[in-house]
There are 2 protein chains.
Amino acid sequence: MIFTTKAEYGVRLLVDLGQAGGGDPVALKAIAERENLPLAYLERIVALLRKAGFVESTRGARGGYLLTRRPEDIRMDEVIAALDGPIAPMSCFIDDSATEAHKVVCSHHVDDETGPCGTKLLWTRVHGGVVRALQQTTLADLIAFERGGVVALGAGRRPAGDVLPVITA
Amino acid sequence: MIFTTKAEYGVRLLVDLGQAGGGDPVALKAIAERENLPLAYLERIVALLRKAGFVESTRGARGGYLLTRRPEDIRMDEVIAALDGPIAPMSCFIDDSATEAHKVVCSHHVDDETGPCGTKLLWTRVHGGVVRALQQTTLADLIAFERGGVVALGAGRRPAGDVLPVITA
DNA sequence: GAGCATTCCGACCGATCGGGTCGGCATAAC
DNA sequence: GTTATGCCGACCCGATCGGTCGGAATGCTC
């Protein structure tokens with residue numbers, strides 16, 4: 001399993017919030033019922049989203065949550081990172097995004113003299129595939145998909161020649 | 001974590017076998033020492049590779065393992081499937097490759113009337129990214145990478161416009 | 001200000017599974 | 001028959017996932 005239910009539930013929560021439209025705050029209880037998810041668990045998940053700045057909360061009666069940005073500006077790679085932490089193909093894989101070089105520290109390979117294990121190439125390619133898919137998907141895409149069923153390939157910003165599949169409901 | 005150590009160790013085992021060149025059978029003990037991996041665990045892993053037809057074994061003294069195909073003909077998506085089983089972004093994701101339609105069965109969503117959750121789009125894209133990266137990488141690529149450090153983008157068969165990153169050791 | 005709805009937060013907890021070990025048997029070379 | 005190797009089932013342990021529970025803080029509403 002690549003992602004945990006935290007990611008799944010968190011994304012669905014955001015989709016639900018996005019569909020609400022941004023008027024009054026939406027109570028978590030309402031989301032839990034609509035999405036059929038355990039409320040107590042959602043509380044912990046939404047806390048992650050709040051700390052990461054995707055939602056803001058108002059407490060007390062009639063309180064709830066609202067998105068802080070427009071859905072088009074919420075990229076899934078950020079969301080998933082907030083919910084599940086950095087995604088790594090393997091435990092030995094370190095996503096050193098700062099330097100754009102992904103480190104692979106072989107757990108059982110102490111002597112660094114001999115070049116890196118061949119798996120580094122594989123994990124790096126896979127990692128790239130996942131990250132690209134996440135970066136190219138925004139919350140707005142998911143909302144449109146849930147509404148319409150078919151999603152055109154998003155709002156530009158995508159490098160030419162890089163194709164994501166069109167999916168039908 | 002996307003992959004388990006089974007996948008990691010299994011791939012490294014294949015790389016090691018590929019580098020051996022296919023003369024005499026290679027004993028697992030030798031591989032375990034070279035790659036610095038636990039022998040007992042490797043035994044269980046190589047069994048998966050044997051059942052899947054990637055290696056053949058000869059028993060008894062001076063026995064060991066050999067690749068059954070040329071490294072260029074061993075695609076990583078097949079290998080990983082044999083080692084880790086089908087890769088799924090989420091527990092609710094079913095890789096129905098036969099029909100080319102990936103089913104997403106929301107665990108908490110019993111009523112199928114309302115369209116699929118928006119996460120289906122996301123998981124499908126991610127799944128596609130992973131599968132493509134695996135399909136486009138052969139054992140030969142990994143061997144070349146481990147030897148040379150830089151890998152040109154493989155032996156064709158790759159759709160135009162789809163780019164994998166070049167990685168340096 | 002009493003009550004209620006809601007967010008917030010830490011503690012706890014069971015099941016599953018990843019990652020391995022162990023012991024023993026089967027088989028074949030020497 | 002001894003030794004090296006493949007083969008295989010049983011077991012085991014720690015981590016983590018996927019929650020639950022109880023309660024405190026906060027703020028509308030009447």
Side-chain angles (χ1 to χ4, degrees), chain A residues 1-13 17 24-33 35-52 54-66 80 83-93 106-108, chain B residues 1-13 17 20 24-33 35-52 54-66 68 80 83-85 87-92 106-108:
Chain A
M1 229 55 55
I2 300 181
F3 304 109
T4 67
T5 58
K6 277 205 193 77
E8 165 102 23
Y9 297 173
V11 170
R12 285 169 65 179
L13 191 156
L17 273 185
D24 289 331
V26 181
L28 213 52
K29 193 180 174 192
I31 300 179
E33 284 168 0
E35 303 287 333
N36 204 18
L37 300 174
L39 172 61
Y41 195 28
L42 267 193
E43 286 182 0
R44 285 181 36 191
I45 291 169
V46 79
L48 298 172
L49 294 172
R50 186 173 48 84
K51 281 172 196 158
F54 296 107
V55 303
E56 62 188 4
S57 64
T58 53
R59 306 181 62 165
R62 302 209 44 176
Y65 296 89
L66 283 177
I80 297 296
L83 292 167
D84 266 5
I87 59 144
M90 270 295 305
S91 47
C92 59
F93 190 94
C106 296
S107 44
H108 290 265
Chain B
M1 230 55 54
I2 300 181
F3 304 109
T4 68
T5 58
K6 276 204 193 75
E8 164 102 23
Y9 297 173
V11 170
R12 285 169 66 178
L13 191 156
L17 274 184
D24 289 331
V26 180
L28 212 54
K29 192 181 172 190
I31 300 178
E33 285 170 358
E35 303 287 333
N36 204 18
L37 300 174
L39 173 60
Y41 196 28
L42 267 192
E43 285 182 0
R44 286 179 36 191
I45 291 169
V46 79
L48 298 172
L49 294 172
R50 187 173 49 83
K51 281 172 195 156
F54 295 109
V55 302
E56 61 189 3
S57 63
T58 54
R59 305 181 62 164
R62 302 209 43 173
Y65 297 89
L66 283 176
T68 58
I80 297 298
L83 292 167
D84 266 4
I87 57 142
M90 269 295 304
S91 48
C92 59
C106 296
S107 44
H108 291 265

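Chain A is the first sequence line, chain B the second, and so forth, proteins listed ahead of strands; every chain is numbered from 1.
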Base, backbone or nothing for each nucleotide of nucleotides 23-30 of chain C, written B, S, -, heavy atoms under 4.0 angstrom, 5' to 3'? ---BBBSS
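In this structure, the CG atom of A/L39 is 14 Å from the P atom of C/dA5, given to the nearest Å. Here D/dT16 presents its P atom at 19 Å from CZ of A/F3, a figure rounded to the nearest Å. Between B/L37 atom CG and C/dG19 atom C1' the separation is 12 Å, expressed in whole Å. Distance A/E8 CD to D/dG19 P: 11 Å, rounded to the nearest Å. Here the P atom of nucleotide D/dT26 and the CG atom of A/L28 are 19 Å apart, to the nearest Å. Rounded to whole angstrom, the span from the CD atom of B/E33 across to the P atom of D/dA4 amounts to 13 Å. Look at CG on A/L42: it is 16 Å from C1' on C/dC9, rounded to the nearest Å. In this structure, B/L13 atom CG and D/dG6 atom P are separated by 10 Å, rounded to whole Å.
Between C/dC8, C/dC22, D/dG6, one nucleotide has an atom nearer to the side chain of B/A40 than all others, and that is C/dC22. With C/dT7, C/dG19, D/dG18 as the choices, the nucleotide that has an atom nearest any side-chain atom of A/T5 turns out to be D/dG18. Nearest to the side chain of B/T4, among C/dG18, D/dA10, D/dT20, sits C/dG18. Side-chain proximity of A/S57 to the nucleotides C/dT21, D/dG19, C/dC8 is greatest for C/dC8.
Checking B/A47 against B/K29, the closest nucleotide of DNA chain D that is more toward the 5' end is the one next to B/K29. Residues B/G64 and A/R44 both approach DNA chain D. Their nearest nucleotides, taken by heavy-atom distance, put B/G64 toward the 5′ side.
Residues A/L37 and A/I31 have side chains not in contact (no heavy-atom distance under 4.5 Å, counting atoms from C-beta outward). Residues A/T4 and A/L83 are not in side-chain contact: their nearest non-hydrogen atoms beyond the backbone lie 4.5 Å or more apart. With a 4.5 Å cut-off on side-chain heavy atoms, B/L28 and B/E43 count as touching. The shortest side-chain heavy-atom distance between B/M90 and A/T5 falls under the 4.5 Å cut-off. Counting only heavy atoms from C-beta outward, the side chains of A/F54 and A/L48 never approach each other to under 4.5 Å.
Contacts of A/R50 with the nucleic acid, taken as non-hydrogen atoms under 4.0 Å apart, involve only primed sugar atoms and P, OP1 or OP2.
For the pair A/Y9 and D/dG18, the criterion of a side-chain N or O lying under 4.0 Å from OP1 or OP2 is not met. For B/Y65 and D/dC7, the shortest distance from a side-chain N or O to OP1 or OP2 is below 4.0 Å.
Put simply, NZ on A/K6 and CD1 on A/I80 are 12.0 Å apart, with the number rounded to the nearest 0.5 Å.
With A/R50 contributing its side chain and A/S57 its backbone, the two residues share no donor-acceptor pair below 3.5 Å.
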